[in-house]
Amino acid sequence: MKNCNNIEMMKKPKTKQIKSKQIEEWISEGRAVLRNDLRPGDMEGWSDYYLFDKDGLIIRTTFERQNGILYEKYSEYKEFDKKISERANRANQQSISSDASFPGYIQVTVKEFEIMIAESDKILATEFSISLGLLGYSMPSLIYLDKAIKKVLKKFDAGDFEEKYAVLISAYCGEVLRRKIDGTWKITGNADGRLDQILIVEKANPEYSYRPEMPIALILSGDVPRGSNLKIEVDAQLHKYGFIKGNEEHYGIK
């Protein structure tokens with residue numbers, strides 16, 4: 001079984017937030033040189049690119065011309081940008097439904113996912129060096145998992161992390177939800193047998209469904225309040241999405 005996508009995660013490029021005043025000083029000193037020929041076509045009109053001391057790169061928003069991001073090594077930025085482009089190309093090559101739980105560059109079969117559900121605690125314990133005794137598909141166990149996840153995210157690219165671990169973590173979170181509400185899994189695949197959508201459905205009220213991929217997706221996107229964690233986001237699923245009866249279409253649930 002493919003426990004998780006066997007990709008080598010890239011360490012985060014070394015970056016710094018740079019104030020506008022400092023950028024202007026570097027420009028006047030000739031240390032920051034405008035090089036929009038290095039800028040991707042889809043960023044034209046949005047960002048300016050400056051080489052800094054030949055080795056670094058500054059990306060600065062065109063409209064505000066205020067703060068910018070300094071990549072300490074231009075080579076690291078190029079590697080980072082290449083991976084993003086490759087990931088986008090893989091996603092574009094895959095036909096996925098509008099209701100798919102994961103982006104197209106994440107390739108897992110339904111069979112692999114079904115095995116993953118039963119083994120997710122053991123796999124996560126191994127991958128993140130967590131004592132298996134702390135992972136028992138309970139709500140409190142999500143706190144230990146969240147701490148381990150965030151340690152890894154401090155070092156590695158979130159996109160690589162998503163590609164490698166999002167399905168596995170969603171399987172674990174889904175099983176936590178399923179046990180909490182006494183629900184059932186609803187797993188659908190495409191014509192090739194690849195995973196398309198995952199849901200947890202209440203047995204007593206099958207019109208109520210929950211999306212177990214949402215907690216980790218929100219955390220990876222940064223679209224959660226400061227101080228939030230995986231337990232809070234899983235618990236929020238029960239409160240935010242527990243009232244979807246009659247409004248399934250709005251949430252992309254069939």
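Below, each value reflects all heavy atoms present in this structure, side chains not excepted, and no hydrogens, waters or symmetry copies. Since we're looking at a predicted model, the values are computed, not measured.
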- request: Assess whether side chain to side chain donor-acceptor pair (under 3.5 Å) is satisfied between Arg60 and Ser20, documenting all intermediate values.
  value: CA-CA 9 Å; Arg60 190 184 193 191; Ser20 176; 2.9 Å; yes

Same apolar cluster: Trp46 and Ile84, side chain cutoff 4.5 Å: yes

- prompt: Does Ser228 offer a backbone N or O that forms a donor-acceptor pair with the side chain of Glu233 under 3.5 Å?
  reply: no

field: Greater than 12 external heavy atoms within 6.0 Å of Tyr144's OH
entry: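 At most 12 heavy atoms, drawn from other residues, nucleotides or ligands, come within 6.0 Å of this atom.
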
- prompt: Where is the tightest heavy-atom contact between Ile200 and Ile181, given as atom of each residue plus distance?
  reply: CG2-CD1, 3.7 Å

Closest non-hydrogen atom pair, Glu8 against Asp160: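 Distance-wise, the nearest heavy atoms are O-OD2, 4.0 Å.
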
message: Quick check on side-chain contact (heavy atoms from CB on, under 4.5 Å): which of Val167, Thr109, Ile106 does Leu195 satisfy it with?
response: Val167

Side chain proximity check, Ile23 to Leu70, heavy atoms < 4.5 angstrom: no

- prompt: Quick one: does Tyr71's side chain get under 4.5 Å of Glu76's, heavy atoms only?
  reply: no

field: Heavy-atom closest contact (Lys19 atom, Asn67 atom, distance)
entry: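 It is CA-OD1, 3.4 Å.
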
- request: Output yes when a side-chain donor or acceptor of Thr15 lies under 3.5 Å from a complementary backbone atom of Ile69, and no otherwise.
  value: no

query: Are Lys21 and Glu24 ion-paired here, with the side-chain N under 4.0 Å from a carboxylate O?
result: no

Gap between atom CG of Leu51 and atom CG of Leu38 - 0.5 Å precision: 5.5 Å

message: I'd like to know whether NZ of Lys12 has more than 12 heavy-atom contacts from other residues, nucleotides or ligands below 6.0 angstrom.
response: yes

- prompt: For Asn89, does its backbone N or O pair with a side-chain atom of Tyr105 as donor and acceptor, under 3.5 Å?
  reply: no

field: Minimum heavy-atom distance between Cys173 and Pro212, given as atom pair plus value
entry: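 Closest approach of Cys173 to Pro212: CB-O, 3.9 Å.
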
- request: Please round to the nearest 0.5 Å and tell me the distance separating atom CE of Met214 and atom CG of Leu218.
  value: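 The CG atom of Leu218 is 4.5 Å from CE of Met214, to the nearest 0.5 Å.
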
- prompt: In Å and rounded to the nearest 0.5 Å, what is the OG1 to CG distance from Thr126 to Asp121?
  reply: 9.5 Å

Straight-line distance of Leu238 CG to Glu202 CD, nearest 0.5 Å: 8.5 Å

Close side-chain approach of Lys180 to Tyr210, heavy-atom, < 4.5 Å: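 The answer is no, as the side chains (C-beta and beyond) never meet within the 4.5 Å cut-off.
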
message: If hydrophobic clusters are built from ILVMFWY residues whose side chains come within less than 4.5 Å, do Ile232 and Val176 share one?
response: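 Result: no, two separate clusters.
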
query: What distance separates Leu135 CG from Ile130 CD1, expressed to the nearest 0.5 Å?
result: 5.0 Å

- request: Of all the heavy-atom pairs spanning Asn36 and Ser47, show the shortest one and how long it is.
  value: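 What the structure gives for the nearest pair is OD1-O, 4.1 Å.
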
query: Which is it for Leu220 and Leu153 under the side-chain contact (heavy atoms from CB on, under 4.5 Å) test, yes or no, and what are the steps along the way?
result: CA-CA 9 Å; Leu220 292 176; Leu153 285 172; 3.8 Å; yes

- prompt: Are Tyr137 and Ile143 co-members of a hydrophobic cluster defined by side-chain heavy atoms under 4.5 Å apart?
  reply: no

Test item: Phe102 and Val108 side chains (from C-beta on) under 4.5 Å apart, heavy atoms: no

- prompt: Do any N or O atoms from the side chain of Asp157 and from the backbone of Met10 form a donor-acceptor pair under 3.5 angstrom?
  reply: no

message: When you group the ILVMFWY residues by side-chain heavy-atom contacts below 4.5 Å and let the links chain together, are Met43 and Tyr74 in the same group?
response: yes

- prompt: With a 4.5 Å limit on heavy-atom distance, are the side chains of Glu72 and Lys16 in contact?
  reply: yes

field: Non-hydrogen side-chain atoms of Ile117 and Ile187 separated by less than 4.5 Å
entry: yes

task: Fit a plane to each ring of Phe161 and Phe128, take the angle between them on a 0 to 90° scale, and name the class: parallel (under 30°), tilted (30 to 60°) or perpendicular (over 60°).
output: tilted

field: Glu79 with Lys83: basic N within carboxylate O range, under 4.0 Å
entry: no

query: Under 4.5 Å between side-chain heavy atoms, hopping through other hydrophobics if needed: is there a path connecting Tyr172 to Met139?
result: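 Per the 4.5 Å side-chain linkage, Tyr172 and Met139 are co-clustered.
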
- prompt: Within a strict 4.5 Å, meaning less than it, do heavy atoms of the Arg39 and Asp48 side chains meet?
  reply: yes

- prompt: Does atom NZ of Lys122 have more than 12 heavy-atom neighbours, drawn from other residues, nucleotides or ligands, at distances under 6.0 Å?
  reply: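 Atom NZ in Lys122 is packed in, count exceeds 12.
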
query: Is there a donor-acceptor contact under 3.5 Å from the side chain of Gln197 to the main chain of Asp99?
result: yes

field: Residues Lys150, Asp146: salt bridge by 4.0 Å N-O rule
entry: yes

message: Looking at every heavy atom in both Ala171 and Trp185, which two are closest together, and how far apart are they?
response: O-CZ2, 3.6 Å

- request: Dump the intermediate steps for side chain to side chain donor-acceptor pair (under 3.5 Å) on Arg194 and Gln107, then the final yes or no.
  value: CA-CA 7 Å; Arg194 288 176 177 161; Gln107 298 294 303; 2.8 Å; yes

message: Within the structure provided, determine whether Leu124 and Leu145 are in side-chain contact (heavy-atom separation under 4.5 Å).
response: yes

message: If I take atom CG from residue Leu177 and atom CG from residue Asp235, how far apart are they, to the nearest 0.5 angstrom?
response: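 That separation rounds to 9.0 Å.
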
field: Tyr49: side chain to side chain donor-acceptor pair (under 3.5 Å) partners, not counting sequence neighbours
entry: Tyr77

- prompt: Has Glu44 got more than 12 heavy atoms of other residues, nucleotides or ligands less than 6.0 Å from its CD?
  reply: no

- request: May I have the step-by-step check of side-chain contact (heavy atoms from CB on, under 4.5 Å) for Ile198 and Lys186, ending in yes or no?
  value: CA-CA 6 Å; Ile198 58 174; Lys186 180 180 178 182; over 6 Å; no

